2 protein chains.
Amino acid sequence: MAQESPTFSPLYRQIKTLIVQGLENGEWRPGEAIPSESDLAVRFNVSQGTVRKAIDEMAAENLVVRRQGKGTYVATHSDPRAFFRFLRLVPLSGEVEPSISVPLECWRAKAGPEAAKTLQINIGEPIIIVRRLLQFSGKPVVVDEIYLPGDVFTGLTLDVLKDYQGSLYSLFESRFGVRMIHAEERIRAVAADRVSADLLGVAEGAPLLSVERVSLTYGDKPVEWRRGLYCTAEHCYLNELS
Amino acid sequence: MAQESPTFSPLYRQIKTLIVQGLENGEWRPGEAIPSESDLAVRFNVSQGTVRKAIDEMAAENLVVRRQGKGTYVATHSDPRAFFRFLRLVPLSGEVEPSISVPLECWRAKAGPEAAKTLQINIGEPIIIVRRLLQFSGKPVVVDEIYLPGDVFTGLTLDVLKDYQGSLYSLFESRFGVRMIHAEERIRAVAADRVSADLLGVAEGAPLLSVERVSLTYGDKPVEWRRGLYCTAEHCYLNELS
DNA sequence: GAGTGGTCTAGACCACTGC
DNA sequence: CAGTGGTCTAGACCACTCG
């Protein structure tokens, strides 16, 4: 017999979708607590265990953070613990150190075929391009070129970038309401071009890590495309396989 | 008041430990099914829900694979689905293609300070070093140098490697009972040395990805240290961030 | 239809936090 | 102490696989 319920979705997943919608709609903002499991159970008219399973999945996806005895909180990029979730660069030896972002340029352009395809917008639609440097203990280690859809990031200027203290994603979250929740990186080794070599203080042609990232927000909608060149003379990209 | 139970471990985690021990001891072998949840519940004298939660964690850690309606199976590197779990190399364009391992050398040596530290053995203990090439559609893309603790892999020779069809980890699992369940990779960009350049068919000094991996088995015991040089002219290292 | 994993419930109790 | 997440149980029922 044919499959009876091709679109079967368990109750806890429907509940999860509802709670995620609450996050999307801003019903609960980053850093805030969502209602308790029993409150949500009453609200959605299901058992507490079902709400729990929904939140379990959300916690596994880093959408939300549980704190025993306190509550469940909406994940935020302002949380220092989230800093190294997307930047997997660690020193070859020594302690993990915080990075400083140095914005270089910020200009507007129209999306070319590649940017349009990656950001899932139409060719010719406005985009914003940011170039910035990442420094560890004063030394430049990464140069990033970041492509953003212009309609979402209206008002983003070099001055805004320079004024902000904290990570880029933290700015995107608090200023533009855009939360990166997932990303895919493609890593290659390339030879440093003249400009990047100068910025990173290495010889032209030196090997660099090219890290191309597409960041997604709710519903797997792409909202950032960036290409970083990482100098791995004193740092390395750390990845856990499991 | 001071914390009352610093070593508190929930029941389901104790059950999990017991089941994992069954895997370690070979009570259930890779590819086989473990007993049903209700059987295990009876055996350990807990409720089925508690067994379920234990297995949930094991499934999340890829120790075990659930198949609805059939049972729960011990994960195996022979399963094609596990092939790309540790090799995150995909073509820049086109379909994912299977890789072929070409063993080049296999010799015995004594562990130096670095190998000893990484493999957590004593300096001077026997190790085995393997060099091999990885080819995609006939072209060499990766050259690996692999360090293994000699006492675990006794009997490993170049002929054994050449005779075996399938992945290295599949061989380690079936021939030596060693299961890699976790790994950590450190990625850098380096310039190709003369030998590697020749093997990979690139110019000396061409940028290559250096991927250093430590693989761990049960109890986070390191059992493999390898360094791979990846040519990323037509492939890239793909990584999901979440 | 029997057996397995997957879902859902209701209720009890434990561990942690903060007032 | 009240409120929150975390654990554990027992039982019912659903979805899937296979003989």
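What's counted below: heavy atoms across the whole structure, side chains too, no hydrogens, waters or symmetry copies. Because the structure is predicted, anything quoted here is derived from the model rather than measured. Naming convention: chains lettered A, B, ... in sequence-line order (proteins, then strands); numbering from 1 in each chain.
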* Asked: Do B:Arg179's NZ or CZ and the ring of B:Tyr218 fall within the cation-pi criteria of under 6.0 Å and 45°?
  ->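 No, a cation-pi geometry is absent between B:Arg179 and B:Tyr218.
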* Determine, for B:Tyr147 and B:Arg226, whether the Lys NZ or Arg CZ falls below 6.0 Å from the six-membered ring centre while staying within 45 degrees of the axis. =>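 Not satisfied by the 6.0 Å and 45° rule.
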* To do: Taking B:Ser170 for its side chain and B:Gly166 for its backbone only, find out whether a donor-acceptor pair lies under 3.5 Å.
  =>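 Absent.
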* Heavy-atom donor-acceptor pair, A:Arg188 side chain to B:Thr232 backbone, under 3.5 Å ->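 Yes.
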* **Rounded interatomic separation in angstrom, taking CD from A:Gln48 and P from D:dT9** =>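 Between P of D:dT9 and CD of A:Gln48: 16 Å.
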* To do: To the nearest Å, give me how far apart CG (B:Leu11) and P (C:dC13) are.
  =>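 The distance from CG of B:Leu11 to P of C:dC13 comes to 17 Å, rounded to the nearest Å.
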* To do: May I ask you to list the residues of residues 50-71 of chain B, by number, that have any heavy atom positioned under 4.0 Å from an atom of DNA chain C?
  =>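 Here the set is B:Arg52, B:Arg66, B:Arg67, B:Gln68, B:Gly69, B:Lys70, B:Gly71.
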* Salt-bridge criterion met for B:Lys16 and B:Glu61 (N-O under 4.0 Å) ->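 Answer for the salt bridge query: yes.
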* Asked: Are A:Arg29 and A:Glu173 close enough for a salt bridge, meaning some N to O gap below 4.0 Å?
  ->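 A:Glu173 and A:Arg29: not salt-bridged.
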* Asked: Closest approach of B:Glu184 and A:Leu238, non-hydrogen atoms and distance?
  ->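 Answer, listing the atom of B:Glu184 first, then A:Leu238: CG-CD1, 3.7 Å.
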* To do: Determine the interplanar angle of the B:Phe86 and B:His77 rings, folded into 0 to 90°, and report it as parallel if under 30°, tilted if 30 to 60°, perpendicular if over 60°.
  =>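 Because their plane-to-plane angle lies in the 30° to 60° range, the rings of B:Phe86 and B:His77 count as tilted.
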* Residue-level proximity of residues 12-47 of chain A to DNA chain D when a heavy atom falls under 4.0 Å ->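 Those residues whose heavy atoms fall under 4.0 Å from DNA chain D, taken from residues 12-47 of chain A in numerical order, are A:Ser36, A:Glu37.
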